[in-house]
Amino acid sequence: MHLDEAYRIHLAYGDDSDNGYDLFRKAQVRQLQRRFDDAKKLRARARHLFGADVYYHLSIDLEEAQIALKNAEEKKALHKAEELLESWTDRKSTRGIADALRLRGEVHCMQGKTETAFELYTAALCIYPYPNCAHNRKLWPVIADVLQQFDQQKMHQQIAQMAKRMEERLGAFRFLDQINVDRSTDAAHVLHKLSGLLY
């Protein structure tokens with residue numbers, strides 16, 4: 001397996017972070033193979049190797065939050081998402097903030113709170129707007145499905161409300177003021193694309 005070979009190479013020539021990252025990727029494969037105990041052990045070994053590297057630890061936290069959500073452990077997933085959001089906001093990481101907001105949106109969507117989920121998804125796209133990001137490519141069809149749950153009038157109202165909350169930095173959009181880059185143009189593009197989903 002390629003991951004095993006990468007681990008052996010990094011074990012010989014790399015540092016602990018390299019080795020930990022290989023184990024983390026291997027854990028993701030084991031999770032997909034439904035070998036959950038193996039995956040959990042590999043994540044624990046990866047955490048140990050990462051030492052004080054907070055960014056890698058937060059990546060594992062995100063993985064475990066997503067696992068909790070798949071297991072319908074909504075409270076646990078939401079708690080982890082809140083912790084991630086706080087940590088990534090402290091570090092002003094646009095990708096991390098967006099991942100945490102998207103995860104919160106998934107929890108609220110699962111709970112039937114579609115309006116809250118819609119705002120969280122939209123804010124995530126404004127903060128980390130890159131179309132080639134796999135999460136963003138997957139998120140747009142989810143947003144389209146959420147909008148389809150509203151009638152035409154409610155759809156227009158929701159998008160107008162997003163524009164207002166975005167402009168006034170309310171709710172999830174307050175995180176636009178917590179990053180070191182101006183996303184005004186990107187946010188306008190997101191709104192334009194949302195409007196295009198109405199027709």
Side-chain angles (χ1 to χ4, degrees), residues 28 32 55 58-59 61-70 72 74 77-199:
Q28 290 178 314
L32 288 172
Y55 289 92
L58 290 173
S59 296
D61 288 342
L62 177 64
E63 177 81 3
E64 292 181 343
Q66 291 170 330
I67 290 168
L69 185 60
K70 287 177 183 176
E74 297 167 19
L78 190 58
H79 178 69
K80 280 184 170 287
E82 296 291 350
E83 289 182 338
L84 283 163
L85 187 56
E86 183 177 346
S87 294
W88 283 127
T89 301
D90 287 344
R91 290 161 180 80
K92 299 189 181 299
S93 166
T94 55
R95 175 64 184 267
I97 293 170
D99 283 342
L101 289 173
R102 177 179 45 78
L103 181 61
R104 285 179 62 198
E106 289 174 2
V107 175
H108 287 294
C109 198
M110 184 178 284
Q111 295 174 335
K113 301 173 183 176
T114 50
E115 292 182 25
T116 303
F118 180 51
E119 177 176 323
L120 291 163
Y121 289 153
T122 304
L125 286 169
C126 291
I127 289 168
Y128 195 79
Y130 306 108
N132 291 330
C133 170
H135 286 311
N136 288 352
R137 289 199 305 270
K138 293 176 183 176
L139 190 51
W140 276 108
V142 173
I143 287 175
D145 287 342
V146 168
L147 277 175
Q148 290 302 314
Q149 297 180 41
F150 306 129
D151 60 34
Q152 196 72 10
Q153 182 180 1
K154 186 67 179 285
M155 285 183 191
H156 284 282
Q157 289 174 347
Q158 283 294 303
I159 292 176
Q161 184 178 21
M162 288 305 103
K164 179 178 174 58
R165 292 175 71 78
M166 190 184 297
E167 181 181 354
E168 297 179 1
R169 298 296 195 262
L170 299 175
F173 296 104
R174 70 186 183 278
F175 293 101
L176 286 166
D177 288 335
Q178 304 296 316
I179 57 178
N180 292 326
V181 59
D182 181 8
R183 292 292 196 215
S184 300
T185 301
D186 300 297
H189 287 155
V190 169
L191 278 176
H192 179 73
K193 189 166 181 177
L194 285 175
S195 297
L197 296 175
L198 297 174
Y199 306 104

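What you see is a predicted model; the values in this text were computed from it and never measured.
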Quiz item: Do you know which of Arg174, Arg165, Arg104 makes salt bridge (charged side-chain N to carboxylate O under 4.0 Å, His left out) with Glu119?
Solution: Arg165

Could you tell me the separation between the [atom1] atom of [X] and the [atom2] atom of [Y], rounded to the nearest 0.5 Å?
X      : Y      : atom1 : atom2 : value
Phe173 : Leu120 : CZ    : CG    : 8.5 Å
His192 : Leu197 : NE2   : CG    : 10.5 Å
Gln178 : Ser93  : CD    : OG    : 13.0 Å
Thr122 : Leu191 : OG1   : CG    : 8.0 Å
Lys80  : Ser87  : NZ    : OG    : 11.0 Å
Phe118 : Leu147 : CZ    : CG    : 4.5 Å

Exercise. Applying side-chain contact (heavy atoms from CB on, under 4.5 Å) between Glu86 and each of Thr89, Asp90, Leu84, report the one that passes.
Key: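 Among Thr89, Asp90, Leu84, the one meeting side-chain contact (heavy atoms from CB on, under 4.5 Å) with Glu86 is Asp90.
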
Can you confirm whether [X] sits close enough to [Y] that some side-chain heavy atom of one is under 4.5 Å from a side-chain heavy atom of the other?
X      : Y      : result
Asp61  : Leu58  : yes
Trp140 : Leu194 : yes
Met166 : Cys126 : yes
Arg95  : His135 : yes

Inspect the surroundings of [atom1] in [X] and state if more than 12 heavy atoms from other residues, nucleotides or ligands are less than 6.0 Å away.
X      : atom1 : answer
Gln153 : CD    : no
Glu82  : CD    : yes
Lys70  : NZ    : no

Please report the shortest heavy-atom distance between [X] and [Y], naming the atom on each side.
X      : Y      : value
Arg102 : Asp99  : NH2-OD1, 3.1 Å
Ala77  : Ala65  : CB-O, 3.6 Å
Gly105 : Ala117 : O-CB, 3.4 Å
Ala172 : Ala123 : CB-CB, 3.6 Å
Leu176 : Arg169 : CB-NE, 3.4 Å
Pro129 : Asn136 : C-ND2, 3.6 Å

Exercise. Apply the test side-chain contact (heavy atoms from CB on, under 4.5 Å) to residues Ile143 and Leu125: give CA-CA distance (whole Å), side-chain angles for both, the deciding distance (0.1 Å), then the verdict.
Key: CA-CA 11 Å; Ile143 287 175; Leu125 286 169; 3.3 Å; yes

Quiz item: Could you go step by step and tell me if Phe150 and Thr114 meet the side-chain contact (heavy atoms from CB on, under 4.5 Å) rule?
Solution: CA-CA 9 Å; Phe150 306 129; Thr114 50; 3.7 Å; yes

Practice problem: Among Gln161, Gln149, Lys154, find the residue that satisfies the side chain to side chain donor-acceptor pair (under 3.5 Å) test when tested with Glu115. | Solution: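 Exactly one candidate clears the test, Lys154.
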
Quiz prompt | Sidechain-backbone polar pair: Arg183 side chain, Tyr128 backbone, donor-acceptor under 3.5 Å | solution = no

Exercise. Please test Leu78 against His108 for side-chain contact (heavy atoms from CB on, under 4.5 Å), starting from the C-alpha separation and ending with a verdict.
Key: CA-CA 9 Å; Leu78 190 58; His108 287 294; 4.2 Å; yes

Quiz item: Could you walk me through whether Trp88 and Tyr55 pass the ring pair (Phe, Tyr, Trp, His ring centres under 6.0 Å) check?
Solution: CA-CA 9 Å; Trp88 283 127; Tyr55 289 92; 5.5 Å; yes

